[in-house]
Amino acid sequence: MPLALLALAVGAFGLGTTEFVMMGLLPDVADDLHVSIPTAGHLVSAYALGVVIGAPLLAALTARLPRRAVLISLMALFVAGNALSALAPGYDSLLAARFLSGLPHGAFFGVGAVVATGLVAPERRARSVSLMFMGLTVANIAGVPVATLMGQHLGWRATFLGVSLIGVAAMAAVFLLIHPAHTPAPTAGLRGELTALRSLPVWLALATTVVGFGALFSAYSYVTPMLTASAGYTQGSVTLLLALFGVGATIGNLVGGRLADHAMRGTLFGGLVSMVAVLLLFPVLMRTEWSAALAVVLLGVAAFVTGSPLQLMVMERAAAGPSLASSANQAAFNLANAGGAWIGGVALAAGFGVTSPALAGAALAVLGLGVASVAYAVDRRRAVPAAHERVIASHVPADLVRSS
């Protein structure tokens, strides 16, 4: 694998750290800015809203620019957003800065995935995407815990300054390790990108992302009360257990990338089936400490096995203009985050028990299997006429083809 993928992974590490670290800093931020913790929680939503809006918008605005320059510009916006977060004088300005920080997130992953697949042979495309995503999963193991500790001991503003430095390092890595010749300006332009996005298979792939990863966030959003109220862990142990989720996500991401290069659709279906099984077992696994820790790891593995095949599937269905669709898939991940958390919360509020969000997630994973099956049927139906046309073309005399 080319060293240039390291530059993309560094950027993904910074994006993953700033996205998830706010959860651990909420009490410190709320206390410092004299707001309630629920009000401070809007800072998490502001970042997610920035991702959903910024992913397709920035991908569209940069559709004709060289992708190396786009990646550096997106990282520069990321650095500015986190630096402004560190310097924010009050809650409202921090809310705006968090929104700004989220704008480049989806576009960086979307354009980065296109660049990653262009750096390797066709049979290694999924692995290249998984190596870029590894920066995101490793952020949950190391970046978020370290940044949280930094915020608790040096102040939350120091955390965002530190994340800004990661962004500067990513800009330098992209500039030094990715050659301009490997990232020319796309030929399709905005019109080609929009045309590719109108395809039904693209939207079915995006819907699979929303529903499939909604299953993950339905359970993961409420894993802390499950671990404390059901498994019996103390609040202080949860940070370590969330790092175990990052370990599982990293394993699943790497395994999924390798398997998807051999059988992309089979890997996707296998990951979704695994997620159904793990989430259905959550009420049982959350009864003891050791099995609860195992459940957290298995959830990470099962969920992120599907990450690379989903990203690659969207890009292949929009092959004529993949950047916009690839970025839209990152917006779909964040819609899954919001929707899954809401559905899990509904199950919890209905009084079905502390582990009920996991069962709601299992239902979403089953729905994801249904959407993926419909997408598979549509692809097969479209493949038959295409194959028929190739057979007819092979029987047309060569001189007739030349004359036409």
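Ring pair F333/F133 is perpendicular by interplanar angle, where above 60° counts as perpendicular and below 30° as parallel. A perpendicular orientation is assigned to the rings of W156 and F160, their planes being inclined by more than 60° (bins at 30° and 60°).
Qualifying side chain to side chain donor-acceptor pair (under 3.5 Å) partners for D31, counting only residues two or more places apart in sequence or in other chains: none.
Side-chain contact check for D32 versus R157: some heavy-atom pair is nearer than 4.5 Å. Using a 4.5 Å heavy-atom threshold, the side chains of M22 and V29 count as touching. With a 4.5 Å cut-off on side-chain heavy atoms, L95 and L43 count as touching. In this structure, M264 and L312 have side chains that are in contact, with non-hydrogen atoms separated by less than 4.5 Å. Within the 4.5 Å cutoff, the side chain of F282 has no heavy atoms near those of the L359 side chain. No side-chain heavy atom of S326 sits under 4.5 Å from any side-chain heavy atom of V111.
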Inset, instruction - Take L299 and L216 through the side-chain contact (heavy atoms from CB on, under 4.5 Å) test and state the conclusion after the steps. - result: CA-CA 8 Å; L299 180 61; L216 164 65; 3.8 Å; yes
Legend entry - Chi angles and distances behind the ring-ring contact (aromatic ring centres under 6.0 Å, His included) call for Y91, H42: CA-CA 10 Å; Y91 172 78; H42 295 322; 7.3 Å; no
Inset, instruction - Run the numbers on L103 and L57 for side-chain contact (heavy atoms from CB on, under 4.5 Å), then give the verdict. - result: CA-CA 9 Å; L103 287 175; L57 178 63; 5.7 Å; no
Legend entry - side-chain contact (heavy atoms from CB on, under 4.5 Å) between V79 and M171, worked out: CA-CA 9 Å; V79 170; M171 291 173 62; 4.2 Å; yes
Inset, instruction - Would you please test F213 and L310 for side-chain contact (heavy atoms from CB on, under 4.5 Å) and show each step? - result: CA-CA 10 Å; F213 266 81; L310 279 171; 3.8 Å; yes
Inset, instruction - Starting from the C-alpha separation in whole Å, work towards a yes-or-no answer on ring-ring contact (aromatic ring centres under 6.0 Å, His included) for F108 and F78. - result: CA-CA 10 Å; F108 183 89; F78 169 80; 8.4 Å; no
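Side chain of S36 to main chain of T39: a donor-acceptor pair is present (N/O by atom type, distance under 3.5 Å, no hydrogens or angles). R68 contributes a side-chain N or O that, together with a main-chain N or O of I178, makes up a donor-acceptor pair within less than 3.5 Å. Panel note: side chain D261, backbone A126; a donor-acceptor pair is recorded below 3.5 Å. Distance alone, capped at 3.5 Å, is enough to place a donor-acceptor pair between the S218 side chain and the P357 backbone. One N or O on the side chain of T117 and one on the backbone of A113 form a donor-acceptor pair closer than 3.5 Å. When atom types are taken as modelled, the side chain of S93 and the backbone of G90 share a donor-acceptor pair closer than 3.5 angstrom. Under a 3.5 Å cut-off, the side chain of S85 and the backbone N or O of G81 do form a donor-acceptor pair.
Summarising the geometry of L364 relative to G340, their closest heavy-atom pair is CD1-CA, 4.5 Å, with the distance given to 0.1 Å. Taking each heavy atom of T355 and S230 in turn, the nearest pair found is CG2-OG, 4.2 Å. The minimum heavy-atom distance linking V21 with A147 is given by the pair CG2-CB, 3.5 Å. Across all non-hydrogen atoms, the minimal contact from G246 to I141 is C-CG1, 3.4 Å. Heavy-atom minimum distance, A107 versus G54: CB-O, 4.3 Å. Taking each heavy atom of T250 and V138 in turn, the nearest pair found is OG1-N, 3.9 Å.
The side chain to side chain donor-acceptor pair (under 3.5 Å) analysis of residues 329-341, with sequence neighbours excluded, yields the pairs T209-N329, Q311-N329, Q311-Q330.
The OG1 atom of T208 sits 7.0 Å away from the CE atom of M313 when rounded to the nearest 0.5 Å. The line from CG of N82 to OG1 of T18 is 3.5 Å long, rounded to the nearest 0.5 Å.
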